[in-house]
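Take a look at the structure set out below.
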Protein chains: 4
Amino acid sequence: MSGTGRRRLPRQVREQQIIDAGVRVFSKRGYHAAVVDEIAELADISKPMVYLYFGSKEGLFIACIRREGERLTRGFQEAASAGKSADEQLWAGLSAFFGYVAATRDGWVVLYRQAPEQGGEIAAEVRRQREAVMAAVVELVRSGASGSGALAERGGRDAEFVAHALVGAADSLTGWMADHPGETPDKVTLRLMNMVWVGMRNVLDGEVWVPPDGDSAAGE
Amino acid sequence: MSGTGRRRLPRQVREQQIIDAGVRVFSKRGYHAAVVDEIAELADISKPMVYLYFGSKEGLFIACIRREGERLTRGFQEAASAGKSADEQLWAGLSAFFGYVAATRDGWVVLYRQAPEQGGEIAAEVRRQREAVMAAVVELVRSGASGSGALAERGGRDAEFVAHALVGAADSLTGWMADHPGETPDKVTLRLMNMVWVGMRNVLDGEVWVPPDGDSAAGE
Amino acid sequence: MSGTGRRRLPRQVREQQIIDAGVRVFSKRGYHAAVVDEIAELADISKPMVYLYFGSKEGLFIACIRREGERLTRGFQEAASAGKSADEQLWAGLSAFFGYVAATRDGWVVLYRQAPEQGGEIAAEVRRQREAVMAAVVELVRSGASGSGALAERGGRDAEFVAHALVGAADSLTGWMADHPGETPDKVTLRLMNMVWVGMRNVLDGEVWVPPDGDSAAGE
Amino acid sequence: MSGTGRRRLPRQVREQQIIDAGVRVFSKRGYHAAVVDEIAELADISKPMVYLYFGSKEGLFIACIRREGERLTRGFQEAASAGKSADEQLWAGLSAFFGYVAATRDGWVVLYRQAPEQGGEIAAEVRRQREAVMAAVVELVRSGASGSGALAERGGRDAEFVAHALVGAADSLTGWMADHPGETPDKVTLRLMNMVWVGMRNVLDGEVWVPPDGDSAAGE
DNA sequence: GATGAATGAGTGTTCATTCAT
DNA sequence: AATGAATGAACACTCATTCAT
């Protein structure tokens, strides 16, 4: 039915094919709503193959998480080490991020937009991959801030903060970008750089803006 | 079995009770994995009541989305209109956000962290509520930038951009905050203000940072 | 479809109905080949009811084993205690056995003719019930042999032996009886009594027959 | 992978190897729960070989039944014809039985402890083999009773009865023996001889024990 | 002669949803 | 107003069986 070359593929290839389909379907439906039949059909194989290769729906999901996470982390690290000056490195990293997400939106969604508490095995792998991504971003932020001396003393807590803010902003902008055809990864990256580049250093050096004295809180 | 106040509550109260339970369970499990039995049990009623009040699981979910969305939007708008100067308003808005999320994490999760493509009705309501929230934030950003003249001409595209970046960052920081007991909503708000306050104006006025000339892209 | 009274039975009744069906189907097909749909249909309910009441196919099977085992054990004990003299007691016990099995062949089959190594839970319950039955028979044998003094000294090992031989013979004769319409439980009991009554005492007292000296060989 | 002797065995040998594995697995799991993969692996071949040699799982099972049944019958007949006097023959037969079962427990289990109603082909072969075994035992019993004249007139019904009782007792004792390490086939045989040797003749000659007059029945 | 790769058909189990009371 | 009892429809997973090599 798929025209070229259906049966008898070597194990390696089939595996990637199935993961491709898995990422697509998990991304579109979410883990629970995803139906193994649909994944199998998209991968142009029968359902038992999925079980032969990955053991269970959960196993397949974990494989998807792992591959996408590793791809993303690797892309990041390459980008981060490529640049020269601090701002160039951050620029390269954010470009890599938006480029990757624009190119493989599904992978990102599977990695970041699943219900938070899938059972044990899944949760563990998700955490692992997300932490790897965050670690890469933190590294990016740190090297981008190497000019300012204050960093070492403060235990890196601020770099973590910045990294989370960046990834969150980028994640959100990713969806926005997808809904606004005119926006390209490059344009988005440029704007985000402008938005955070100056302020990042403030945070990493210790804050300078202070809240108006009176009402410090809002929630309670 | 629940001791106080089981039977014969007025409709209004019951409804809120059920929505409370719904938000909690949907947040913990995600839409599909959530089981109506668990919600009913948590609300201390029998399952048919859920169907009597909301018609279906989907109906209940929509009601949850709506209530949480409206709460959040309202909190935002109040915060935004309360302040005086531009930075005070933004500060108040972000404080409201982190305060709300810290106080009712489940509501936020249900609203923002569900699989993107739940069937038609749900998708529509989710979109509606998210857009309302975004509109409030955009308003917040605009009034915070009222000093700079260039805004009107550019169609608000930049304000939207900033708003998405802010919400995304805040969303991500929300999770980070939950994992780092030392971090309070106030401390997080302060850092985020420092990180974006200066750069925001850059973006809203037109960018000033420029990428290194050579290789502007990263993806391909 | 079943004519009288389908829906809305009290829990107790339904449970017995389902166990009845379970015993019948498990007996006919064996545990693994038995299909839950067939049991449900025979019980005149839908499949989910089976799961609501027993949790799983295994749970239902265990319930079947337990009920049939307890019935059989109870019947035995009543029969055994009813008689006066030793031979009367044994006669009553064997009569009870053949009567029960002729009346509820399926129950016996489920209890004794399943593959030996069904998983943990099942194996445990089967063992428990079989041991209860055997204990009752051993008791029967012991009281039947109370005349002979030698019993106590030999640790009851011989009584166990006799009990196993009796149950095995009875089990086998049960199938034979089912295939030979002329044979009634009473006639079978009578013959079995004649076959073992004299020899039993020999065994319980210590053997008297001796093999020919050369020991014509067993296996190895 | 199995070191010695994998490939290119003559058909005869392969067949026996597979049947060996089949008997082992069928015995352990029962017909339905047995999985062809496991049998193939145990036989150290690939699954399609099983189908090449036996056509289907059912075909393999039938082959197992047949081989084990024939082995058992042959062993019996040899034992029966070997002895001289009546009691020697019975002793030899029972010894053969316990010896065989102790040596090849799996074969016995496959032959006698499967769910009664496996589909047509299987049922037929099981019946055939069991009848062959029974015929041999009946023969054994008859020759053991040749001294008593009454036998011929009663159509052999009693010999059949005795044979079934013997086989059942022996079957049951077989399991008991496996659970009590001290018991050897010889000791078990000796006790069973003592238990039945005297009584057997009673039955074959016509009964002598009579039930207590009153309550002949037990069931109801 | 032998096998890795592949699948059609079926089974246990769950869950949203609805009656009958 | 409220619920225990019941079910239709799906879905994850398994297994006997067959190709293509």
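Convention: sequence-line order gives letters A, B, ...; per-chain numbering from 1. When reading the values below, keep in mind they use all heavy atoms of this one structure, side chains included, and skip hydrogens, waters and symmetry mates.
- Side-chain proximity of D:Y51 to the nucleotides F:dT18, F:dA2, E:dG12 is greatest for F:dT18.
- Summarising the geometry, the separation between CD1 on B:I18 and P on F:dT3 is reported as 10 Å, rounded to the nearest angstrom.
- Atom CD of A:E38 is separated from atom P of F:dA12 by 11 Å (rounded to the nearest Å).
- Remark: P of F:dT3 and CD1 of B:I45 are 7 Å apart, rounded to the nearest angstrom.
- No side-chain donor-acceptor contact under 3.5 Å links D:R24 to the backbone of D:D106.
- The side chain of D:M49 lies closest to E:dT3 when the candidates are E:dT7, E:dT11, E:dT3.
- Taking the ring centre of B:F26 as origin, the terminal cationic atom of B:K57 falls outside the region bounded by 6.0 Å and 45° from the ring axis.
- A residue-by-residue look at C:L52 and A:G55 shows that C:L52 has its nearest nucleotide of DNA chain F further toward the 5' end.
- Across the strands present, F:dC15 finds its partner in E:dG8; the criterion is a Watson-Crick or G-U wobble pair with both atom distances under 3.5 angstrom.
- The distance between atom CG of C:D44 and atom C1' of F:dT7, rounded to the nearest whole Å, is 13 Å.
- Residue contacts shown for C:A34 are limited to sugar-phosphate atoms, with no base heavy atom under 4.0 Å away.
- At whole-Å resolution of the value, CZ in C:F54 and P in F:dA6 are 12 Å apart.
- With rounding to the nearest 0.5 Å, the separation of CG in D:L52 from CZ in D:R14 is 11.0 Å.
- A:E58 places its CD atom 16 Å from the C1' atom of F:dC11, with the value rounded to the nearest Å.
- Remark: A:R14 is in phosphate contact with E:dA6, judged by side-chain N or O atoms under 4.0 Å from OP1 or OP2.
- The base of E:dT13 lies close enough to the side chain of C:K47 for a donor and an acceptor atom to sit less than 3.5 Å apart.
- The distance from atom CD of B:E15 to atom P of F:dA1 is 13 Å, rounded to the nearest whole Å.
- Across all strands, A:Y53 comes closer than 4.0 Å only to sugar-phosphate atoms, never to a base (heavy-atom distances).
- When the P atom of F:dA10 is taken as reference, atom NE2 of A:H32 falls 18 Å away, rounded to whole Å.
- A side-chain donor from one of A:E125 and A:Q129 sits under 3.5 Å from a side-chain acceptor of the other.
- When Watson-Crick and G-U wobble pairs are counted only if both distances are under 3.5 Å, F:dA20 pairs with E:dT3.
- Here the closest heavy-atom approach between residue B:L60 and residue B:F54 is recorded as N-CB, 3.7 Å.
- A distance of 11.0 Å separates CD1 of A:I39 from CD1 of A:I19, quoted to the nearest 0.5 Å.
- The side chain of A:P48 approaches F:dC15 more closely than any other nucleotide in the set E:dT18, F:dT18, F:dC15.
- Counting atom types as modelled, D:K57 pairs no side-chain N or O with a base atom of F:dT17 as donor and acceptor under 3.5 Å.
- Between D:R11 and E:dG1, a side-chain N or O to OP1/OP2 separation shorter than 4.0 Å is absent.
- Nearest-nucleotide positions on DNA chain E for C:V36 and B:S56 put C:V36 closer to the 5' end.
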